[in-house]
Structure formats: structure tokens, C-alpha cells
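This chain uses plain numbering: 1 for the first residue, then up along the sequence. Remember, it's 1-based here, ligands and their atoms both numbered in the order they're listed.
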Amino acid sequence: MKKFSDRLNRMSFSQTFVMSNKVRQMKSEGIDVISLTLGEPDFDVPQNIKEAAFEAINNNFSHYSPVPGFLDLREAVCEKLKRDNNLEYSAAQICVSNGAKQAILNVLSSIINDGDEVILPAPYWVSYDEMVKMMGGKSVFVKTSIDTEFKITAEQLEQAITPKTKALLYSSPCNPSGSYYTYEELEGIANVIAKYPHITIISDEIYEFINYEGKHTSIAEFPQVYEQTAVINGMSKAFAMTGWRIGYSACPTWLAEACEKIQGQMTSGANSMAQKASITALRTDPGEYRFMIEEFKKRRDLVYSLIKNIPGFNVNYPKAAFYFFPDISYYIGKTLNGNFINDADDFAMFLLENAHVGTVGGVSFGNPKCIRFSYAASEKDLKEAMKRIHEFLENVALS
Ligand code: PMP
Ligand code: GLU
């Protein structure tokens, strides 16, 4: 007899992994599928970071680390925050975790009580709403559309605030929209939140470096909300280290201590060798790794030139991260080759099964009209994927 907790029953599987698993299964059956599902850089980890990991193994960094991470790593994080974001943090304010995912969970578990509200500008990253549910909280969605580059305004934010609001959680640059908030836009948001000292901003900046047009701003740069902000970042995207599982939070001291308390009972300190290698990654001039961003930018332009001509797609020109999030409303409520399309998830599944291109439907990102393409894939695959979808939709029987 299955005896699941209410907590588990409230949650869904991560849709990014559902779709990538489905791709894997089709490939194992010999089907030639192109996967644009998971958002993960396809580059190898840079050599100097690998060398640092070998050195850590040879130097026997094989024991438990302090729960919030090695002191020298936390110091390197503080240097990075000063160098790139002009933010002052002490090592005591940093908690190193098993990926940014755990860093966000630590913060949410530290502040959310049953029934507390967390504001999520939609679209949002798939795990946010699920994490809020896991903690017994309630997400309050602030809707946006492609016409505003999927960004909320300060006025929309203020309207969503209630006495139960505990946090605002967003990513900038944003997964899935590929937009980022400018200095002025974040200043407006900061001015609103500063009026409500009971609200914590959880600012997920994991795509900080993958920004092709503007300068990244962290909302913690605004002094009026520094004490209310948890900055989240990590090694996965900037250094192609998704499997190494290192992320971190930078918080006011009370919240950093809470994260350490939670993490100490859940998972302990993060992987010791990966922590040591992360010091090298953070202390290297970011220019050394710029080639990955230049490559993503080329791919963004390539995909844009092709995706905008796909019949029925309404797409904007994303400025950051590595995703396209076209609006495919045109197909919703229609029948394609005999398949009724209820929402973007049906459409993504239909594309996978018929055009053999894996994407992720927008329902679990909080937008049932859009689908997400990750362009962290080779140019060859990207061209072929766009061609397959274009040709398929041009010839599909539509009613
Ligand atoms: N935040 C966002 C917006 C993401 O897209 C991801 C997934 N890559 C994460 C956090 C989690 O990253 P990780 O746990 O690999 O550091
Ligand atoms: N964050 C990546 C994505 O959005 C990896 C998968 C996940 O952690 O959900 O695809």
C-alpha cells in the first residue's frame, strides 16, 4: 500500500526532466530525436577547473566540509560578489549548497510557513512553484506576456502583495523567457519591496554571465533592500558545471544561519572536491570563459533567424540565458493530424512524437501558451531541429 505524504501529493515531477527522460527513452528505441529540453551548457568543464579538482583529490579533500562550505570558497564567493556586483558580503553570509536548487530550497524552508504566499512573476522556472508547495506555501502568480518581454512592472508587483506575502522569487536573467530586468526596472521593484519589511526577495542570478546585451544588475545592489534579499547563484551555467552540483546563497546573517541549520540536517556540506575546484572557477578572470557566451550568442542569432519564420510561432528576441519561449497560441484549441491540442504541453509532446524535437511545454513554467527551447545545443542540431519543426508544421493537417 502506498502511503504518500500530503507534501508529496501536492507536488509534480519536474517537467524539464519528464521531457528529457522521454527523449532518452525514444533515443534508446533507435529514434533520431533532437533534444532542446534541458537547460544545460553542452561545453566541457574548462581545463583549469578540472585541474583544481584533480589537485583537491590528490590533496585528500575527501572529508566532510563545514556545512556552509569551505571558508576559502566562501571568501572567493565574497570576492566575486564584490568584483562583479559591487556587493559587500562576509563569509558568514554565504552558504554553499548542492546547486542553486538547494540554495533556493534552503531559503524557502527557512522562511515559509503553511499558507504563506510567495509571489512568482510568470513565466517562472519550473521548480519554484513546486518548491513553494513543498514548503506548504502558496504561489501568487503575476502574469506577463510576450508583448512586455514577459516582465512584470513595479505596479503589478505591488498589487499582488498581501499581509501573507513572505517572498518574491524570480530569476533575472530569466529561465524560461530569456529576458533580464534592467537597473531601472529592478530599482522600481526594490522601492516597492522596501515598503514591506516582512518580504524577502529571492533573486536567482544563475544566468548572470549569460547576458548578451546589457549589464547584469543584482537587486541586492539597492541599499533599501539589501537586508531583505537572498542572492542565489552557482557554478552550473557560467562554468558548464551542472553535474558538479555547487551553488550558493548570499543573505543577511540571520537568514544565512538559518540556511546552514536546514542544510546541516538535510545534506551537510556540498561535495568537497567540487567546492575546491569552484574556488579556481570564481577567481579566474571571467573573460577566460567568455567564449561560451559568444558561442551562445551566435546560436541565439541563428535560432532567431529560423524560429521567427516557423508558421504559427510568435517569438521575441531574447537578450539573455539560453532559451526561446515562443507563444504558440495559434495551435491551441485546434486539431493537428487528428490530435487535439489543449495547451502548450500537448503541443510540445506532439512535436516530440511527430517532428522528433524535444522541447518543454510552458504549463509548468506558468504559461500554457508558450513552449521552451533550450539552444544550449550544437549549431548542427539547432538548424536541423528548426528545419524539422518548420517543415512539419507547414504540412500538418490543421482543423
Ligand atoms: N535556477 C534556475 C533559473 C535554473 O534554470 C536552474 C537550473 N539549471 C537552477 C536554478 C538550478 O541550478 P543548479 O541546481 O544546477 O545550480
Ligand atoms: N534548470 C535546467 C532547466 O531548466 C535543468 C533542469 C532542472 O533543474 O529543472 O532545464
- Query: Rounded to the nearest 0.5 Å, how far apart are CG of Asn342 and CD1 of Ile332?
  - Reply: 9.0 Å

- Any chance the rings of Tyr323 and Phe373 have centres within less than 6.0 Å? no

- Message: Using side-chain heavy atoms (C-beta onward) and a distance below 4.5 Å, is Leu36 in contact with Val357?
- Response: yes

Per-pair distances, 0.1 Å, donor-acceptor, side chain in residues 94-102, under 3.5 Å, sequence neighbours excluded:
unit_1 : atom_1 : unit_2 : atom_2 : d
Ser97  : OG     : Asn106 : ND2    : 3.3
Ser97  : OG     : Gln263 : OE1    : 2.8
Asn98  : ND2    : Gln102 : OE1    : 2.6
Asn98  : ND2    : Thr267 : OG1    : 3.3
Gln102 : OE1    : Asn98  : N      : 2.8
Gln102 : NE2    : Thr267 : OG1    : 2.6

- Any side-chain heavy atom of Thr37 sitting closer than 4.5 Å to one from Ser374? no

- Out of curiosity, Ser139 OG to Met131 CE, how far, rounded to the nearest 0.5 Å? 11.5 Å

- Note on the structure: Students should find that the hydrophobic cluster of Leu8, defined by side-chain heavy atoms under 4.5 Å apart, otherwise consists of Phe4

Contacts table for ligand 2: protein N or O within a distance under 3.5 Å of ligand N or O, distances only.
unit_1   : atom_1 : unit_2 : atom_2 : d
ligand 2 : 1 (N)  : Trp125 : NE1    : 3.4
ligand 2 : 4 (O)  : Trp125 : NE1    : 3.1
ligand 2 : 4 (O)  : Asn175 : ND2    : 3.0
ligand 2 : 4 (O)  : Arg372 : NH1    : 2.9
ligand 2 : 8 (O)  : Lys101 : NZ     : 3.1
ligand 2 : 9 (O)  : Thr16  : OG1    : 2.8
ligand 2 : 10 (O) : Gly39  : N      : 2.8
ligand 2 : 10 (O) : Arg372 : NH2    : 2.8

- Item | Single-linkage hydrophobic cluster Phe392~Val303, side-chain heavy atoms < 4.5 angstrom | yes

- Residues lining ligand 1 [heavy-atom distance under 4.0 Å, listed by chain and residue number]: Gly99, Ala100, Lys101, Trp125, Tyr128, Ser171, Asn175, Asp204, Ile206, Tyr207, Ser236, Lys237, Arg245

- Gap between atom CE of Met135 and atom CG of Asn113 - 0.5 Å precision: 11.5 Å

